Each structure stands twice: as structure tokens, then as C-alpha cells.
S.K.: 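Have a look at this one before I ask anything.
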Amino acid sequence: MATLKAVRGTRDLLPPETALWNRIEAAARRVFARYNFGEIRTPIFEDTGLFARGVGEETDIVSKEMFTWEDRARAASENPQSLTLRPENTAGVVRAYIEHKLGESGQLQKLYYIGPQFRRERPQKGRYRQFWQIGAEVIGPTSSGSESPLRDAEVLEMLATLLDEMGIAGWTLELNSVGSAADRARYNDTLRAALAPVVDKMCVDCQRRAVTNPLRVLDCKVPEDQPIIATLPVIADSLDDDSKSHFAAVKAALDAAGVEYKLNPRLVRGLDYYTRTTFEFKHGGLGAQNAILGGGRYDGLSEAVGGPKAPGIGFAMGLDRLVLTLQAQEGESAPTKKLDAYVAPLGESLNAAALQLARELRRAGLSVELGDGSFRLKKSFEAADRTARKIVILGEDELASGILTVKDFATGTQTKVPRGELAEILKS
Ligand code: AMP
């Protein structure tokens, strides 16, 4: 029978690598708390309409990459509901913001999430069909200051701090503004006119986008189309005065905070909801998949999915790519931490007593592995040496006298320790 394997584009994360995942997540939670973000957990699947309306029908994500299915109708009179595994988390957070009327408090909401996302992409290193994102959103009614360029700068400054704290060295921040909805409509007209004479030389996707949503032509990855894309007008020339001064204020605040960035006038990001500030953090060590995180402002998203006006800004970072970056930086063979002790029962009749001793030590806060009485002493020593700093030997005599034999592998010394003092001695 053919063996079953993890599905293409998905993978198992195993120890000791998962320790690195946990370290990154812990750094994120720590930094988010310092900036007054609270955690939100939204469902892994949502109504397909949320992504169609939020992310945009013409985006690669919605048009090609979603895992979507029809949920069986419960009654004959009901239509089946179209459901989708979330390809990103911002739409879900905004849906929750609307559903729970979080805007009614008048307060700015600062929410973060950590979780898996799903896209039917062509898998390669750094690109998976199930991948993890750490992201955050700052959203609220206009009166809460959610539209202020200070929020954009604060989020970007937090990201710089977060990457530093995770130990990611050598990132670059690329920044652009895609303007307001009106600026984008104007830019789309400009693009449509610029594309008209050349679009027949482009790929079929671009030919379609040139009509439906010309901005998305800038997402095109087809190498032959790139020289044409390079000649297209940039969005900066379509921004109105409000958008220009918003962007200028973001840049001024970043300059004041000492956060370095590079302007990239073609950075439009592959999701339709972005307005004004867009950004990406890149890392040279990742090869083709060099984006470690991306985000931007989405002042119209809440309204696009049926909610009140709620400007916001957010980002999502690829946890898989952070792990790859850190592994490349630190080398694969980061030493794993040894346990405090290994309890070795001498004979199977001592297994139950060994479990009880291990329980005492573990409850005292020590990390302990439990051996098996069927092991010969030599095998116990080998297993203990691999996993723990010290071995505690439990034979009939030790059990009766309450005096245990402890060997320290680092020094090679063997000592007799009364059971009552064991936990303290092992801690030292
Ligand atoms: P996006 O939601 O497309 O703006 O992506 C935000 C970040 O998520 C990217 O910068 C990547 O680090 C990560 N990411 C997006 N798609 C994938 C994928 N298929 N596999 C791994 N990471 C991804």
C-alpha cells in the first residue's frame, strides 16, 4: 500500500526546529504587549464572499489561490454556502471588528494574530500552501485617530524593533503610497491609457487586468512583461494633495524615529484593499522569496465588507520565512538545551517508584526524562548522557534508604544525595 504523506505544499514542523518557532512567536507577543496590542483569534475558514469583497476578485489570491468548497446545505430550501480557508487574516479581523461592533467604544483597536493561512501557490523554498503569519491591525473610527500618519509610523517603528528583537539582521524597508480610492481610480485610468497600445504584447492575465483592474498589472511576474511594466507611469504622480501630505508626514515621523526606508514607487502589494501607505520588509538571505513581511493602510476595507467607516493599517509577516532567515544566520546546528535530570530505575520492579520520583522532581520545576527498568545500566547511561546533565539512579537500596546516586556528566563526579535535597541539588 502506498504510504500517505503530508499534502503538497504542507509540512510537519518537528522539534527541535519548533523551539525556534516558539522563540519567534514569544518575541512577537512580548513586543506586541509593549505596544498595547491584544491577541485576536479568528476562524480558519470564512464565507468566500469576505475574501472576494475584501481582498479583491482580480487579485491572484482570490482568482487563483483559494481553497474553496461548497458546504452542504442543511435543508433542501437552503443554498449551499461557499466557504474558503483563509488566505490571509486581515479580512477576518475586520469582519470580527464589524461583527462585534468594536468601533462603538470609540477607541482605537490594536489587535494581533498568529496562525496558519492557506493559498494554492506553486510550492518552493519559502513558499508553501499552508504557511504561518504573524500580523497586526490598528483600526478604529476616524475620531480615534486611526487615519493619522503617526499610526503608520508607529507600526513601522514597531516592526523595526520586532525584527531586531527576533534577531533578524540586515532587513530593508521599502515604502510607497498607493493613495486614496479616488487617486487609485485616477491612476487606473492613466494605466489603462498607457497599457492600451502595448497590452496585446503582454500575458493573458495582464490583458484581462488591463480592462478590469489595471493596477494589478504591476503584480505580474511574467519575465517578458517586465520591460513593459517598467515604462508604465508611477502612482506617485496620481496622488492628490491630501495623500501626498499624509505620506510626507509618515516619512517625517520615520525620519524622526531613525527608522531607515527606501522608496519603491512600484510597490502596490497584491491585495486590493490597500490605500495610501504600503510597505514591505525584505531580506537578502531568502533568495527569490525575499519578502519577510508586507502591509499597508486599508481605509476602505471595513466599508467594502459592509461595515462602518473604519480606517486602519496592518501587516503580516511570514513566520516560515523568519525561521528560514534565522536558521541561515545561526546555522542549522544550534545546540539543544539538555534536561536537568534522567531518572534510571534499576529493574522493571522499580518503574512505578521511578515514575513517582520523576513526578516529584518535575513538580519542583525540573525538566526530567524517565528511563525504563528493562534497560541495562550501560544503556541507561548512554540515553541519559544524550538528553540530560545528570543521571539519578534508583535501585532497591536507594529506594529503601532514601539516598540516591547522582552522576554529573560534565564533571564526571558521582554523589549520594538524600531524596529530600535532590531537587535543590539538581537545580544547582
Ligand atoms: P501577503 O499576505 O501576501 O502580503 O504576505 C505577507 C507575508 O506572508 C509575505 O511577506 C511572506 O513572508 C508571507 N507569505 C505569503 N505567502 C506565503 C506563502 N505561500 N508561503 C510562505 N510565506 C508566505
Side-chain angles (χ1 to χ4, degrees), residues 6-13 17 21 24-25 28 42 44 46 50-51 54-56 58-67 84-94 112-137 155-156 159-160 162-163 166 168 171-176 178 215-216 218-221 264 266-275 277-298 301 312-328:
V7 173
R8 187 171 136 82
T10 72
R11 59 211 177 108
D12 302 306
L13 307 171
E17 189 186 291
W21 288 70
I24 296 171
E25 290 174 19
T42 66
I44 276 175
E46 300 266 3
L50 175 67
F51 305 114
V55 177
E58 235 349 284
T59 59
D60 278 354
I61 294 177
V62 173
S63 65
K64 306 180 189 163
E65 296 172 356
M66 297 203 303
F67 290 97
T84 293
L85 287 181
R86 62 184 186 198
E88 59 93 61
N89 219 150
T90 300
V93 171
V94 172
Y112 80 86
Y113 58 83
I114 299 178
Q117 319 293 334
F118 306 85
R119 295 182 196 171
R120 190 183 282 102
E121 297 204 76
R122 199 164 49 77
Q124 52 183 280
K125 189 168 185 193
R127 196 204 273 169
Y128 311 98
R129 291 184 164 186
Q130 174 172 345
F131 59 98
W132 271 258
Q133 284 185 334
I134 300 179
E137 316 294 346
V155 163
L156 288 163
L159 280 167
L162 182 52
L163 291 175
M166 286 174 178
I168 305 269
W171 48 263
T172 50
L173 161 58
E174 293 191 3
L175 195 60
N176 191 26
V178 295
L215 186 75
R216 298 271 70 94
L218 302 187
D219 299 335
C220 177
K221 302 280 185 305
N264 175 356
R266 301 208 177 266
L267 183 70
V268 295
R269 313 267 311 120
L271 299 91
D272 269 352
Y273 52 62
Y274 287 117
T275 52
T277 314
T278 54
F279 55 85
E280 247 167 36
F281 282 71
K282 299 206 165 140
H283 195 279
L286 280 168
Q289 308 306 317
N290 65 352
I292 43 180
L293 75 91
R297 186 164 266 294
Y298 46 80
L301 177 55
I313 179 163
F315 65 84
M317 53 211 304
L319 192 43
D320 307 73
R321 294 189 192 170
L322 292 171
V323 169
L324 284 171
T325 308
L326 283 175
Q327 280 172 337

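In this text, all values refer to a predicted model and were calculated from it rather than measured experimentally. We use all heavy atoms of the structure for the numbers below, so side chains are in, but hydrogens, waters and symmetry mates are not. Each ligand, and each atom within it, is numbered from 1 in the order the structure gives.
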S.K.: Would you indicate which of R269, E88, K282, M317 comes nearest to atom 4 (O) of ligand 1 when only heavy atoms are counted?
M.R.: R269
S.K.: Under a 4.0 Å N-O cut-off, is there an ion pair linking D320 with R11?
M.R.: yes
S.K.: In terms of ring plane angle, is the pair F315 and F279 parallel, tilted or perpendicular, where the classes change at 30° and 60°?
M.R.: tilted
S.K.: What pairs with T172 under side chain to side chain contact (heavy atoms under 4.5 Å, CB included), at least two apart in sequence or on another chain?
M.R.: K282
S.K.: Using distance alone, determine whether A291 and ligand 1 share an N or O pair under 3.5 Å.
M.R.: yes
S.K.: Examine the proximity of ligand 1 to I61 and report which part, side chain or backbone, both or neither, has a heavy atom under 4.0 Å away.
M.R.: neither
S.K.: Distance under 6.0 Å and angle within 45° of the ring axis: does R86 meet both against F118?
M.R.: no
S.K.: Answer yes or no: is there a donor N or O on one side and an acceptor on the other, between the side chain of Q133 and the main chain of G135, under 3.5 Å?
M.R.: no
S.K.: Is the closest N or O pair between Q133 and ligand 1 shorter than 3.5 Å?
M.R.: yes
S.K.: Between W171 and F281, how do the two ring planes meet: parallel, tilted or perpendicular, split at 30° and 60°?
M.R.: tilted
S.K.: Measure the distance from atom 11 (C) of ligand 1 to every protein heavy atom, then report the residue, atom name and distance (to 0.1 Å) of the closest one.
M.R.: R321 NH1, 3.4 Å
S.K.: Yes or no: does E280 have any heavy atom under 4.0 Å from an atom of ligand 1?
M.R.: no
S.K.: Under 4.0 Å, heavy atoms only, figure out whether ligand 1 is touched by the backbone of R119, its side chain, both or neither.
M.R.: side chain
